[in-house]
Each structure stands twice: as structure tokens, then as C-alpha cells.
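Shown next, in C-alpha cells, is the structure this report addresses.
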Protein chains: 2
Amino acid sequence: MSKETITKIEIEKAATSKINDVDFNNLSFGSIFSDHMFVCDYKNGSWQTPKIIPYQKLMLDPSARVFHYGQAVFEGMKAYKDDEDGIWLFRPDENFLRINKSSKRLAIPEFPEEYFFDGLNTLLKLDNKWIKKGFGNSLYIRPFVIATEAGVSASPSSEYKFMIICSPAQSYYGGEVRVKIADHYSRAASGGFGFAKAAGNYAGQFYPTNIAKEEGFQQVIWTDANTHEYLEEAGTMNVFFRIGDKLVTCPISDRILDGVTRKSVITMAKDLNIEVEVRPIKVAEVLEANKNGTLKEIFGSGTAAVINPIAGFGYKGDKWELPKIENSYAKKIKEAIMDIQYNKAEDKFGWRIKVD
Amino acid sequence: MSKETITKIEIEKAATSKINDVDFNNLSFGSIFSDHMFVCDYKNGSWQTPKIIPYQKLMLDPSARVFHYGQAVFEGMKAYKDDEDGIWLFRPDENFLRINKSSKRLAIPEFPEEYFFDGLNTLLKLDNKWIKKGFGNSLYIRPFVIATEAGVSASPSSEYKFMIICSPAQSYYGGEVRVKIADHYSRAASGGFGFAKAAGNYAGQFYPTNIAKEEGFQQVIWTDANTHEYLEEAGTMNVFFRIGDKLVTCPISDRILDGVTRKSVITMAKDLNIEVEVRPIKVAEVLEANKNGTLKEIFGSGTAAVINPIAGFGYKGDKWELPKIENSYAKKIKEAIMDIQYNKAEDKFGWRIKVD
Ligand SMILES: Cc1ncc(COP(=O)(O)O)c(C=O)c1O
Ligand SMILES: Cc1ncc(COP(=O)(O)O)c(C=O)c1O
């Protein structure tokens, strides 16, 4: 982000800021948005002049493609502030590449790199006050693209809106998380678009997750739709299993989101001399490891919480609690990654990018 | 629809009609909408007073759930006008039941039956002039529900909009249709929501369909995501194969939309003394039948075209043309169903419902 701004962005500043109405000590995730938003329209075959304007409602035709055919993709990333008011992003190049990968699979035109980074940079500087200092505080950044063309013919839209909206977030503690391992419902098909951060991958999870909630779980760990024998990922997290002193996670595929946090966890674990195996992992193996006492930890990885330790799990009506553990990998890896995110530790992998 | 109107619908009429600007002889599917639309909001745990208002744009927060998590379902149905200006619907109860089935799977609250039918009835009477007489003309009706709550937390919305918009349609002739049988990409997972008419089932088909188009096809016939050995359905049509004098179509499952036209084709074919088999059908069987000359017809069934004959197909790089046929089942069944839709024939199955 230190390269020169070359994009001509039209900026319309908000007349007043909403920031004084916000209680930054009581934020619920993703419900309050900063003063400005980035918008860029696609029409007549190209992306138009990007704009930053006051956060405001959208006007769309009821027949807009996004409402009917789900042509929409998004990203989730965060900006962090260090003790010297420096603003940092964590591996934003990964999010940029991923939104275009998602777009391609959904027949959405890819977004230009300069527009993305210049837009993000300019927006974050303008809404700089919304990024609060303090370990765990951040500004959650939501880039997304929606199909806006009017008309209900089932074909790709010729018009789109690329937007970035930002929401202040606190250190995320979701309470104790227990997960249900899916044995009937599924999230994605082989040959489908589970690897994309596409709108259509999320709504389908709500109903099975509601059922899991009634059974005392907070989330579902999805298994392969074909056999339900292999563990894949959770609704908004990739998953890791610590068996003995090894960390195991499944490989990515066209059904699984290639999480930025997952990648970082794998690299960081290795750096901390933790052995990592990326390989298919059977439900049966985890049940067996649990039985013989070698299953030490399960955790999810994702931008929202970095790492979310899992306290217990269930499968086909049975439930198990994981023992409390000293020397948790989850804790160690989370701290090491957060130290990089908040500019508290050396960044030997080149993950941290300054906004300036 | 002859039951008494009990719902209190608030009606705001359009000041002027757009109808005189419309060239009814040159309609492109789903691009022009009638003067009014039906809207009903869900909030605070219940559906509010339904309204009919002039067709107009929607104002939504950029963080509205539908843009991010694809929580949206829809229906497609038609109104027909007979020679005496009677307005008819075709099996609308099926569409009502199906939209609620779709909603349930997407964790969207179900819509009350009276609101649906009274809303539809009132809207069609108000926009009566938009339904043109003439065999093949119709008013395409698009009920849909979108999640409108602001906020990007990945959980079911607490607010929704149920809407009905209407678009005049002409007799649909899509040109000669050739289909590609999928061998890599797929549409739906077992345990997923392929059976729902959910927004998220459509955008994922655009990219593979674009590839098929480059190869000279117009549409894709999806196969099962697991083995790609079994034929399932097309993007917006169920599919039928005539092998010898038998009509074969695959059973519905949680991956396949339970088409109203499919059901009607099965019933009508039997009534016309055509033998129908509903059973899993392998790609290999169709290829073999094609080779030995017993594959006589392939056609798709759906609300838009009733029946869409398929002229040729391809699989793994090979392409075949189907012979022209006299005494086509496609033609015979289509005419018999359309005669019922347009009140030209006796309705012995009770499919036709009058709007009055
Ligand atoms: C389905 C899914 N899996 C995994 C993740 C984790 O990805 P990341 O680490 O890039 O946030 C996410 C996003 O947060 C997700 O939506
Ligand atoms: C995926 C899919 N299959 C089949 C159909 C045909 O269903 P129907 O006959 O109810 O229009 C449709 C809708 O038109 C569809 O979207």
C-alpha cells in the first residue's frame, strides 16, 4: 500500500461524523458502519470511476440479479492500529486475489488491483478514527460485489457494484464453542463453488446450524457431501485438530475456502516447531483419537477471531467435551499471529502492510 | 382464488401507466415490469400489512443480508388470458407450497397462504391489461423473498421483504437448444439445497454455462456431483428422455427442483397413453440409446417455455444431433398442457384456477 496512488477516486465527504454516537466498548459484530464507503460501478463492459461517498442506502430495481440469482461475492479483512497510530493490514493481497477468484467462478468481472488498494487505502485514511488502538480492537473491512442489472433472465448481469464498507470490531470472544459434525446436511458440492466466498454458500448453512443450536451446539463442522466421512470446514472457519503433538487440517479443494488465517496458522505453527499435517482427515480418526486420549485440541481459524478454540463436539447424537489443556497450540499460535497484526513482533513472513 | 378476500391489503395506485410505452410484439424475457408490485415486510417476528404499490426501486442498506449471504428464494409462474378475457393461473398452489419449502431450507419465515393468494389476485386484477390475449402470451409472475436486515453477521436475518413483480412474456422460442452434459462442474450437493428455488443455486451455473456456450451449447444438463454418471436437471428445466416409446426422467431428490411442469408432463403423458418411467438415468444409458437409435427425443420442462425440445447434446468433447422426429412427444404434451393453461380444453386434473 505504499505505492503511489494512481487511481483517480472521486471523494465526497460526510457532512458530519457518526462516531460520537458509537459505544466502542459495546460493539456487536458487523452492525455499525463507519462514515464512508467505497463504490465502483461496472457497466458498458468496464469498471467506472471509483468513488468514496458517505455511508448510505442503495437504490436497486426489485428485479436486480443479486436478489434472484445470488450473483454476489465478498471478502472479510481487518485493519489494526499500533501504539504509534500506525494502521496495518494483514496479507491484503490474499483477499484481493481471492475476491477475484470468487468473482471469476460466479461470472462476475474481476476488479482492478489499483482500484482495490487505492480505494482501501483512501477509505481507511478517511475513516482512520474508526480504527481503535488496543490489542484485539480492529476495523472489520467488507469488500463485496453485487449484480445490479435489472431483469430476471437467468444469465450473468451486465452491471455490478463493487463496494467496501467498514465496521469497528472488538476482540472477539464468542463464548465456549461446541460444534456438531455434519452427518446429513452439507455445504458444498465437488465441482461447485464452495471454494468461493460467494453469498450462495452461506444462507444454506443457517437451517442446519439452527438444528445444531437446538441440540446444544453453536456451529457445524461440514463433512464431504458424498460420504460424510471426511472433515472439511466450519461455516466461517477452517478447522484444525491437534492429535498428540501434531496439528492436522484437511487440504483445500473446490469445496473449501482457502482461508488466509488457515495459511498463516500453518506457517506459524511450523515456525513454532509444531508439526503440521495437511491431509484428508476422517471423522473416524478424530473419534478414535478422542477415545484413546490423543485428541488434545480442536480449533477454527478465521479473520473474525483469528483462532476459535472448540470446547466440545458431537456426532450422530453423541457428545464429547475436550479436556482443558495447558500449553494450548491455539493460544500460542493466536498470540504469535496477533503480535504480527498489531506490530508488536517482527514480521519475518512479510504479512503486515502499512496504510500510508 | 375464488375464496373470499380476507387480507387487508393497502393499495396505492400508480398515477400513470407505463403500458403504452411497451411493444408487446418485441418483448425480451423478464426485462419489463407491470405498473404495480406486491410488497410485504417481515419484522418483529411477523409479516406486516401487505401492500400493492407502484413498481419502484428498493432502498436497502449496503450491509443487508441478501447482498452478503444469499438469503433469498423465488418462484416463477404465469397468468394466461383466454378469448373471453378470463385470467387463469396454472397450479399456483404448487408455487405457493414450493416457495415456503425453499424458505424453510434457507431459514426464512414462511409466508401466509392468504397473503400470497389475495396479494396475487389483487395485483393481477389491477394490472389486468398487462396480460395479453393470444396463445403463447402471458404475464410472467415472480414472487420472491429477500433478507433485508442490516448487518454482516453470518446468521439468519430478522427482517425480510416478500414481493411479487410481473413481466409480460411472449411465446418463448429460444432457438435450437443444444446441451452439454456436465462431467466436471456441478449444481448441487446431496444434503444441500438444490431442491429449493434459492438465489444461491443459480449464479454458480453461469460460469460453467459460459464455457459450454463457447463450445457451441446453450445449456448444461447437470449430473450428480459425486460420480457425474447420473443425469439430473438443467439450469431452469427438468429433463426428459424418450427412449423407444418410453419417456424417462430422473426422480426428484434434495438436489433437484421439483418442477411444476415436470409433474404436469408426467401426468399428461400418462393421460396420452405414453409410458413414463421415473428412475435414475445414467449418461451411459442415453449414449447407448443414441448409438443404437432408440434415443428419439430429449426435452426440458419449465414454466418459461412449458417444453423446450433439445436438438443435440455433447459429452466429454463428443457431440451428437438428434434426428428430426414426426409425432414428437414434446409437441403433443406441450400443446395438451397449453390448451389447459389457455382454457381451450377441459381441465380434468383441476390445474386451472380462475382469477376473479
Ligand atoms: C467458509 C469459510 N471458511 C473459512 C473462513 C476463514 O477464512 P479467512 O481466514 O480468510 O478469514 C471463512 C471466512 O472468514 C469462511 O467464510
Ligand atoms: C433449477 C430448475 N429446474 C427446473 C425448473 C422448472 O420448474 P417449473 O416447471 O416449476 O417451472 C426450474 C424453474 O423454472 C428451475 O429453476
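Residue contact with chain A, scored on non-hydrogen atoms closer than 4.5 Å, involves the side chain of B/I146 exclusively. With a threshold of 4.5 angstrom between heavy atoms, A/K161 does not approach chain B through any atom at all. In this structure, chain B has heavy atoms under 4.5 Å from both the backbone and the side chain of A/L58. Using a 4.5 Å cut-off between heavy atoms, B/D61 contacts chain A through both its backbone and its side chain. Of the two parts of A/M59, the backbone and the side chain both hold a non-hydrogen atom closer than 4.5 Å to a non-hydrogen atom of chain B. In this structure, the portion of B/R142 lying under 4.5 Å from any heavy atom of chain A is its side chain and not its backbone. If you measure heavy-atom distances from B/I165 to chain A, the contacts under 4.5 Å come from the side chain alone. Residue contact with chain A, scored on non-hydrogen atoms closer than 4.5 Å, is absent for B/A150. For B/S153, the parts sitting under 4.5 Å from any heavy atom of chain A are the backbone and the side chain alike. Residue A/Q56 touches chain B through its backbone alone, counting heavy-atom pairs closer than 4.5 Å.
For B/K316, the NZ atom is loosely surrounded, since the number of other residues' heavy atoms within 6.0 Å does not exceed 12.
Note: B/R105 leads B/M37, B/R105, B/Q71 in heavy-atom pairs under 4.5 Å with chain A. In terms of heavy-atom pairs under 4.5 angstrom with chain A, the leader among B/A198, B/G151, B/S167, B/A64 is B/G151. The choice from A/G200, A/G235, A/G192, A/G70 that makes the most heavy-atom pairs within less than 4.5 Å of chain B is A/G70. The greatest number of non-hydrogen atom pairs below 4.5 Å with chain B, out of A/G30, A/A188, A/P208, is found for A/G30. Ranked by heavy-atom pairs under 4.5 Å with chain A, the list B/A225, B/S155, B/A107 is led by B/S155.
The ring of A/F67 has its center no closer than 6.0 angstrom to the ring center of B/F74. Aromatic pair A/Y202/B/H68: centroids not less than 6.0 angstrom apart.
At least one side-chain heavy atom of B/Y140 sits under 4.5 Å from a side-chain heavy atom of A/V152. Residues B/P156 and A/Q205 form no side-chain contact, since every pair of their non-hydrogen atoms from C-beta on lies 4.5 Å or further apart. The shortest side-chain heavy-atom distance between A/S63 and B/Y55 falls under the 4.5 Å cut-off.
The minimum heavy-atom distance linking A/P62 with B/M163 is given by the pair CB-CE, 3.9 Å. Of all the heavy atoms in A/L106 and B/G204, the pair that sits closest is CD1-N, 4.1 Å.
Going from atom CZ of A/F206 over to atom OH of B/Y69 covers 7.5 Å, rounded to the nearest 0.5 Å. In this structure, CG on B/N210 lies 11.5 Å from NZ on A/K104, to the nearest 0.5 angstrom.
Checking side-chain atoms of A/S186 against main-chain N and O of B/S190 turns up a donor-acceptor pair under 3.5 Å.
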